[in-house]
Amino acid sequence: MKATQISRRTALKGLGGITIGLPFLEEMLASTAAAAPQAAVPVRAFNVFFGLGIPAPIQTEGYDGVFEPLKPLADKLLIMRNVDQVRCDQKGINAHFDGASGAFTAEPPDGEARAGGPSLDQVIRRAHHPDGMPADQVPTLVAGTFFRRSRVSRYVHSYNEDGTVAAMMQETPRALFERVFGAVNIADDDARTRRLKLSVLDTVVDQYRLYTGQRSPLGAASRARLSEHLDRIREYEQRAFALEQQRADAPKMPPRSELAHGGAADPGGEGIDITLEELRQEWRLLADLYALAIQTDRARFGSITFLAAGERIRLTGKYEYDGRLVHEFNDSRQLNASGSQGCSHEWWHRFNEKKDNQQLRAHAHMKLNEVAYFLSRLDGPDCVEANGRTILDNTLLTISTESGDGRHNDPKRELSGVFHAITGANGRFRTGQILDVNAEGLDVYNTMLDAMGAGRPLGPEKRDARAIDAIRA
């Protein structure tokens, strides 16, 4: 049988322009004589943000402390300590706002609705796709689980050249699923009715049968992989939409998230009550869907947020990791306060390097565990690409937060030692270590951009730049 080659850009297309991206298949590889495997790996860049930060003194404990959840991925990450966001301070404002604005831009905000410049992902996107992204991709995918909404940079972390947000935030699993796999531009009521009666997979059922059936142009291994991949989409769809029936003609109308979002997310800035189970369930489904968008090559650039800058939640529930109880969260009771004063936010304001900071450590540990969950979805056998590396290895994922302290009594210290970690980006960066870079965030970011072939730096033109060669492979 003659080997069939299909394009990496091949997708299953259905009603109203729905496209289902395919996983990597052997048939997508050109022959070694025609193209090197390296050419089949796209450039990708995503910003991963988590709120409230990790105080710099706690970072010195490495994997013996709050970094523990990242240890299984240690060889995939370069953790950078002593990164100072010195250009991000705005007089009279605190790091919840200006530190979060500086994450991935290294610049202070420009008002309350704009960053001071572009974010890493967008500089790289424009360098590699100056004429725009292919039509079957989401140009920039921005999503997150967050509740505090004042000031955009608390939760959005992808910005255009002029500092405006690069894409609309998708803050529920349902919205993210629709954005990636179910975006339908149809005007008439009959078409809308049909759409509501069909799952995303049902719209491509004929192509599904072709590619997985006996007459498929694919080999047995690829047919099995594609079948498993589409089954996973069905699973995520059912989780996102809470479908109680699998019949194509009668699923229930997709419900909205049960958690408070939008204007109800943080009424009056006083915070919300939420259990660890509720938070994890929402985040992990969103993280699964975001990772699936990357796996199917529906998105190559964007940002994902786990809890906003200065997030105000009153968390309850037992937090277990690796078979042991790390902490039992009950913020309001342990703080002996209600409203905003009873939120986990307060543990950062109470940070004292001479004490054990038990509650703060537990919250930071939990956040990195959820970040690690997302990263792990891009690793493993089902994420291996043409060059033999996983999507996690090949992609630039920049992980950061808002502050290196949390107390609002010294903004310079608050924006010093901000946690950063990056992945290898297809061998461009020296992973497998924890490095004290002792450098400005702007220099770190510009070194990253140079390695990614961005062709331009961030920051003032006449600024004396310093290359941080220690991070480059």
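The first residue in the sequence is number 1, and the count goes up from there. Treat the numbers as computed from the prediction; the structure is a model and nothing was measured.
Across every non-hydrogen atom of R87 and P108, the tightest pair is O-CD, 2.9 Å. Heavy atoms only, all atoms of each residue included: T447 and R466 are closest at OG1-O, 4.2 Å. Closest approach of E171 and H261 over heavy atoms only: O-CE1, 3.1 Å. A100 and F49 get closest at one heavy-atom pair: CB-CZ, 4.1 Å. Minimum interatomic distance between D110 and A115 (heavy atoms only, all atoms of both residues): CB-O, 3.5 Å.
The closest side-chain heavy-atom distance from H408 to H96 is below 4.5 Å. Side-chain contact between D379 and L375 is absent, with no heavy atoms from C-beta onward closer than 4.5 Å. Taking the side chain as every heavy atom from C-beta outward, F147 and L279 approach each other to under 4.5 Å. With a 4.5 Å cut-off on side-chain heavy atoms, R456 and L449 do not count as touching. The shortest side-chain heavy-atom distance between T398 and F104 falls under the 4.5 Å cut-off. S158 has its side chain out of reach of F46: every pair of non-hydrogen atoms, C-beta onward, lies at least 4.5 Å apart. When side chains are defined from C-beta on, E107 does not count as touching S101, because their heavy atoms never get closer than 4.5 Å. Side-chain contact check for R300 versus R125: every heavy-atom pair is 4.5 Å or farther apart.
Side-chain N or O atoms of K76 include none that pairs as donor or acceptor with a backbone N or O of T423 at under 3.5 Å. With R312 contributing its side chain and D266 its backbone, the two residues share no donor-acceptor pair below 3.5 Å. Distance alone, capped at 3.5 Å, is enough to place a donor-acceptor pair between the Y290 side chain and the L141 backbone. Panel note: side chain R333, backbone N330; no donor-acceptor pair is recorded below 3.5 Å. Panel note: side chain H349, backbone G406; a donor-acceptor pair is recorded below 3.5 Å. Between the side chain of R430 and the backbone N or O of R472, at least one donor-acceptor pair lies under 3.5 Å. T105 places no side-chain N or O within 3.5 Å of a backbone atom of S119 that could act as its donor or acceptor partner. Panel note: side chain S332, backbone R314; no donor-acceptor pair is recorded below 3.5 Å. Without hydrogens or angle criteria, D162 side chain to T164 main chain gives a donor-acceptor distance under 3.5 Å. Side chain of D331 to backbone of L315: a donor-acceptor contact under 3.5 angstrom is found.
Within the model, atoms CG of L176 and CD1 of I304 stand 7.5 Å from one another, a figure rounded to the nearest 0.5 Å. Taken from CD1 in I58 to CG in D356, the straight-line distance is 9.5 Å, to the nearest 0.5 Å. For the atom pair CE of M448 and CD1 of I468, the computed distance is 12.0 Å after rounding to the nearest 0.5 Å.
With respect to E385 and R44, a salt bridge is recorded, a charged nitrogen being found less than 4.0 Å from a carboxylate O. Salt-bridge formation is not detected for the pair R148/E311: no Lys NZ or Arg NE/NH1/NH2 atom is positioned less than 4.0 Å from an Asp or Glu carboxylate oxygen. In summary, R407 and E353 engage in a salt bridge, as defined by a charged side-chain N under 4.0 Å from a carboxylate O.
Legend: ring-ring contact (aromatic ring centres under 6.0 Å, His included) pairs involving residues 292-314, not counting sequence neighbours, sorted by first then second residue: H129-F301, W283-F306.
A cation-pi arrangement, defined by a distance under 6.0 Å to the six-membered ring centre and an angle within 45 degrees of its axis, is absent between R154 and F146. Figure legend: cation-pi geometry between R149 and Y155, with NZ or CZ positioned under 6.0 Å from the six-membered ring centre and within 45° of its axis.
Counting heavy-atom neighbours within 6.0 Å of E320 CD, excluding the residue itself, gives a total above 12. In Q281, the CD atom is not crowded: 12 or fewer heavy atoms of neighbouring residues, nucleotides or ligands sit closer than 6.0 Å.
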TODO: Run the numbers on L52 and W347 for side chain to side chain contact (heavy atoms under 4.5 Å, CB included), then give the verdict.
DONE: CA-CA 10 Å; L52 290 173; W347 301 123; over 6 Å; no
TODO: Apply the test side chain to side chain contact (heavy atoms under 4.5 Å, CB included) to residues T401 and K367: give CA-CA distance (whole Å), side-chain angles for both, the deciding distance (0.1 Å), then the verdict.
DONE: CA-CA 11 Å; T401 184; K367 290 177 182 182; over 6 Å; no
TODO: Tell me, with the steps shown, if S344 and Q359 meet side chain to side chain contact (heavy atoms under 4.5 Å, CB included).
DONE: CA-CA 8 Å; S344 55; Q359 292 87 352; over 6 Å; no
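Taking the six-membered ring where tryptophan is involved, the planes of F329 and H363 are tilted, since the angle between them lies from 30° to 60°. Using cut-offs of 30° and 60° for the angle between ring planes, the F67 and Y63 rings count as perpendicular.
Between H327 and H365, a ring centre-to-centre spacing not shorter than 6.0 Å is recorded.
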